[in-house]
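Order of the sequence lines fixes the chain letters, A, B, ..., with proteins taken first and strands second; residue numbering starts at 1 for each chain.
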Amino acid sequence: MSSRPRYWLVKSEPSAFSIHDLRNAPRRTTSWDGVRNYQARNYLRAMKVGDSVLFYHSNADPPAVVGVAEVVREAYPDHTAFDRSHKHFDPRSRPERPLWDMVDIKLVRVFARSLPLDVLRREPELTSMELLRRGSRLSVQPVRSREWGIIVKMAEKGNKRPRPAASRKRSTRI
DNA sequence: GCCAACGTTGGC
DNA sequence: GCCAACGTTGGC
């Protein structure tokens with residue numbers, strides 16, 4: 001990557017927080033808290049307002065890229081790390097010296113048809129994508145602009161509605 | 001539920 | 001610094 005990444009992918013287990021939860025959230029916006037991995041945190045810190053984010057459902061059936069969000073607030077301290085009662089509490093992170101950060105993301109769109117992992121794996125142009133790398137577990141990762149373009153194109157293709165019967169009469173079905 | 005892959009922890 | 005033990009992630 002020659003310039004800084006402008007495209008990202010974040011994972012969420014839909015049972016914890018799905019893209020539909022994001023759609024139903026106030027202002028369709030949420031803080032992306034709970035990241036407790038240094039590499040993922042560093043990627044969060046590299047995000048800029050306006051960057052685009054693929055929303056991925058992990059531990060789902062099927063696991064899939066399900067939509068697009070955008071960064072609306074850049075990294076700031078993840079206060080859930082300060083909260084002893086919180087699941088993601090981390091005593092090493094202090095308000096005066098925060099260890100973990102979060103960003104705010106806002107829903108852009110939910111794909112009418114999501115892109116399952118196995119479909120992405122079948123796309124030769126995506127083989128070097130971080131998400132598809134064997135053993136990849138990063139919950140926040142950069143996406144190359146080329147990969148972004150391919151995925152968005154695939155999503156649009158999937159979203160294409162069948163044409164009205166009249167205009168479809170002559171077309172050959174594949 | 002299984003388990004491979006990976007990150008973290010801590011003894012030495 | 002090494003590395004075994006352990007915990008977590010996440011596809012299957």
Practice item. Check the angle between the aromatic planes of A/Trp32 and A/Phe55 and answer parallel, tilted or perpendicular using the 30° and 60° thresholds. Key: perpendicular

Point to revise | Length of the CG-C1' vector between A/Asp61 and C/dG11, whole Å | key: 11 Å

Review point. Do the side-chain N or O atoms of A/Tyr56 get closer than 4.0 angstrom to the phosphate oxygens (OP1, OP2) of C/dT9?
Key: no

**Study point:** Nucleotide B/dT9, atom C1' - distance to OH of A/Tyr38 in whole Å
**Key:** 12 Å

Practice item. Check the distance between B/dT8's P and A/Gln39's CD and give it to me in whole angstrom. Key: 9 Å

Check your understanding: Within the structure, does a side-chain N or O atom of A/Lys11 lie under 4.0 Å from either OP1 or OP2 of C/dT9?
Key -> no

Check your understanding: Given atom NE2 of A/His88 and atom P of C/dT9, what is their separation to the nearest angstrom?
Key -> 8 Å

Practice item. Specify the separation, in whole Å, of atom CH2 of A/Trp100 and atom C1' of B/dG7. Key: 11 Å

Review point. Between C/dT9 atom C1' and A/Arg36 atom CZ, what is the distance in whole Å?
Key: 16 Å

**Study point:** Residue mapping more 5' on DNA chain B - nearest nucleotide basis, A/Asn59 or A/Arg137
**Key:** A/Asn59

Using atom types as modelled, flag every donor-acceptor pair under 3.5 Å from a side chain in residues 19-30 of chain A to any protein atom, sequence neighbours excluded.
| unit_1 | atom_1 | unit_2 | atom_2 | d |
| --- | --- | --- | --- | --- |
| A/His20 | ND1 | A/Arg23 | NH2 | 3.2 |
| A/Asp21 | OD2 | A/Ser18 | N | 2.8 |
| A/Asp21 | OD2 | A/Ser18 | OG | 3.4 |
| A/Asn24 | ND2 | A/His20 | O | 3.1 |
| A/Thr29 | OG1 | A/Arg27 | O | 2.7 |

Point to revise | Expected output: side-chain A/Gln141 to main-chain A/Leu131 donor-acceptor under 3.5 Å | key: yes

Revision key, fill the gap. Rounded to whole Å, the CZ-P distance (A/Arg133 to B/dA4) equals 19 Å

Practice item. Apply salt bridge (charged side-chain N to carboxylate O under 4.0 Å, His left out) to A/Asp78 and A/Arg41, showing your working. Key: CA-CA 10 Å; A/Asp78 180 349; A/Arg41 180 204 66 182; over 6 Å; no

Point to revise | Whole-Å distance separating the CG atom of A/Leu120 from the P atom of C/dG11 | key: 11 Å

Check your understanding: Out of C/dG10, B/dT9, C/dG11, which nucleotide sits closest to the side chain of A/Arg92?
Key -> B/dT9

